[in-house]
Engineer: 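Submitted below is the structure of interest, expressed as structure tokens.
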Number of protein chains: 2
Amino acid sequence: MPPLNPHERPYAHTLTALREKGLRPTRQRLALGRLLFEGGNRHVTAEALHGEAAQTGVKVSLATVYNTLHQFTDAGLLRQVAVDGGRTYFDTNLDDHHHFYHVDEARLEDIPGIGAAGAIEVHGLPDVPQGARLERVDVIVRVRGSKAEA
Amino acid sequence: MPPLNPHERPYAHTLTALREKGLRPTRQRLALGRLLFEGGNRHVTAEALHGEAAQTGVKVSLATVYNTLHQFTDAGLLRQVAVDGGRTYFDTNLDDHHHFYHVDEARLEDIPGIGAAGAIEVHGLPDVPQGARLERVDVIVRVRGSKAEA
DNA sequence: GTGATTGCAAATCTTTTGCACTAAA
DNA sequence: TTTAGTGCAAAAGATTTGCAATCAC
């Protein structure tokens, strides 16, 4: 990969990936990449990321947030997780892992992946139907808060 | 609307469950229940069930199909499965089991549940986060390229 | 009759798209 | 320049909701 300017360093991850995928490192993409990839794994919805960008003083349209999230996903920088109809979550953690879904809060939480202590293991997977190939196995552990909420 | 024969046997399952839940066995609910519960396990979307009802000569509005699917779910007659944002699937199979999701066809397929030969087993489940209780563990095996039809 | 249920259309919500404008390269 | 990317607003789905008409009990 090509050398990076000092002022670009924070974006190194995003920049590199964008260049590899032929995506121009625009102000919006870099800003969103920074929100997403600086500071640990995250699970965001388009709406949430858009709001966060606004609070951080980054001007980006919601349409661009959607486009960017999908471009990042296609570029292998994000992973999409479906936990309930209606919303789409994007996960910055690309490792093999699964999720807790806090139903009441509509919030995702990582479960450590394979290799980690206490990692989930799925056994007894049946053969994939003829002509099909395995893409991914998602395990969603749905939990509810014990706080009363009828 | 044509009166229903109260002694109709095919509706026994639906009728009983509706009565237990205090839901009036209306023409629409009984007709949808019949489509859903007669003839094996099914995975339907509201739109699909609505179309099926129309083809069978049952007049039901889409809004009522949505309402009914949710009422059935609340009554424990159906289970909701989320596999991708956008659509909601309802599963008539209430046994403990998991799913293949055929991405290309947007189709769900049951994987035999616990107890069956070759059933999926999930090991190493971490403790549920403090204050939360386990609701359900969903395993979605995403596959592509199958030409199989349901 | 009385209250639950339905249907329709309008309203929401999330996501996508068309297109003129702006900005990388 | 040249072409990709952006923003806005309108469009497109999927689902919900308000309310008058209708049905079950």
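Since the model is a prediction, treat every value here as computed from it, not as a measurement. Side chains are part of it too, since the values below use all heavy atoms of this structure and drop only hydrogens, waters and symmetry mates. Throughout, a chain's letter reflects where its sequence line sits, starting with A, and its residues are numbered from 1.
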Engineer: B:His50: what forms a ring-ring contact (aromatic ring centres under 6.0 Å, His included) with it, not counting sequence neighbours?
Structural biologist: none

Engineer: Considering residues at least two apart in sequence or located in another chain, which fulfil the ring-ring contact (aromatic ring centres under 6.0 Å, His included) criterion with A:Tyr89?
Structural biologist: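 For A:Tyr89 there are no ring-ring contact (aromatic ring centres under 6.0 Å, His included) partners, ignoring immediate neighbours.
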
Engineer: Does C:dT5 have OP1 or OP2 under 4.0 Å away from a side-chain N or O of B:Gln71?
Structural biologist: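 So the side-chain polar atoms of B:Gln71 never come under 4.0 Å of the phosphate oxygens OP1 or OP2 of C:dT5.
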
Engineer: Without decimals, in angstroms, what is the distance between A:Arg19 CZ and D:dG5 P?
Structural biologist: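 Roughly 14 Å, once rounded to whole Å.
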
Engineer: How many whole angstroms separate atom NE2 of B:His50 from atom P of C:dC8?
Structural biologist: 8 Å

Engineer: Could you tell me whether the phosphate oxygens of D:dG7, OP1 or OP2, come under 4.0 Å of any side-chain nitrogen or oxygen in A:Ser61?
Structural biologist: yes

Engineer: Would you mind listing every salt bridge (Lys or Arg N to Asp or Glu O under 4.0 Å) that reaches into residues 39-64 of chain A, with sequence neighbours excluded?
Structural biologist: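 Salt bridge (Lys or Arg N to Asp or Glu O under 4.0 Å) check on residues 39-64 of chain A returns A:Arg42-A:Glu52.
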
Engineer: CG of B:Leu32 versus C1' of C:dT5: gap in Å, rounded?
Structural biologist: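 After rounding, the reported distance stands at 13 Å.
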
Engineer: Can you name the ring-ring contact (aromatic ring centres under 6.0 Å, His included) partners of A:His102, sequence neighbours left out?
Structural biologist: none

Engineer: Extract from the structure each pairing of a protein N or O with an N or O of nucleotides 20-24 of chain C at less than 3.5 Å, listing the distance.
Structural biologist:
unit_1, atom_1, unit_2, atom_2, d
C:dA24, N3, A:Arg24, NH1, 3.3

Engineer: Considering only residues two or more places apart or on different chains, which pairs with a residue in residues 61-73 of chain B satisfy salt bridge (Lys or Arg N to Asp or Glu O under 4.0 Å)?
Structural biologist: none

Engineer: Could you tell me the separation between the CG atom of A:Leu30 and the C1' atom of D:dG5, rounded to a whole number of Å?
Structural biologist: 13 Å

Engineer: Counting only N and O atoms by type, is there a donor-acceptor contact under 3.5 Å from the side chain of B:His70 to the main-chain atoms of B:Thr68?
Structural biologist: no

Engineer: Rounded to the nearest Å, what distance is computed from the CG atom of residue A:Leu69 to the C1' atom of nucleotide D:dG5?
Structural biologist: 15 Å

Engineer: If a pair satisfies salt bridge (Lys or Arg N to Asp or Glu O under 4.0 Å) and one of its residues is in residues 72-81 of chain B, list it, with sequence neighbours excluded.
Structural biologist: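 Pairs touching residues 72-81 of chain B that pass the test: B:Arg79-B:Asp138.
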
Engineer: To the nearest 10°, let me know how far the axis at one end of the helix from C:dG1-D:dC25 to C:dA25-D:dT1 is tilted from the axis at the other, five pairs an end.
Structural biologist: 30°

Engineer: Report all interatomic pairs (protein N or O, nucleotide N or O of nucleotides 12-18 of chain D) with separations under 3.5 Å.
Structural biologist:
unit_1, atom_1, unit_2, atom_2, d
D:dA14, O3', B:Gly86, O, 2.8
D:dT15, OP1, B:Thr88, N, 2.9
D:dT15, OP1, B:Thr88, OG1, 2.9
D:dT15, OP2, B:Tyr66, OH, 2.5
D:dT15, O5', B:Tyr66, OH, 3.2
D:dT16, OP2, B:His70, ND1, 3.3

Engineer: List the residues meeting side-chain contact (heavy atoms from CB on, under 4.5 Å) with B:Asn41, not counting sequence neighbours, and say none if there are none.
Structural biologist: B:Thr92, B:Asn93, B:Asp110

Engineer: Could you state the atom-to-atom distance from NZ of B:Lys21 to C1' of C:dT5 in whole Å?
Structural biologist: 19 Å

Engineer: Rounding to an integer number of Å, can you tell me how far B:Gln28 CD sits from C:dA4 P?
Structural biologist: 17 Å

Engineer: Do side-chain atoms of B:Asp104 reach the backbone of B:Arg144 as a donor and acceptor pair under 3.5 angstrom?
Structural biologist: no

Engineer: In chain order, what residues pass the salt bridge (Lys or Arg N to Asp or Glu O under 4.0 Å) check against A:Arg24, with sequence neighbours excluded?
Structural biologist: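 Once residues adjacent in sequence are excluded, A:Arg24 has no partner under the salt bridge (Lys or Arg N to Asp or Glu O under 4.0 Å) criterion.
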
Engineer: So, using side-chain contact (heavy atoms from CB on, under 4.5 Å) as the criterion, who are the partners of B:Ala53 when residues are at least two apart?
Structural biologist: B:Leu32, B:Leu35, B:Val58, B:Val60

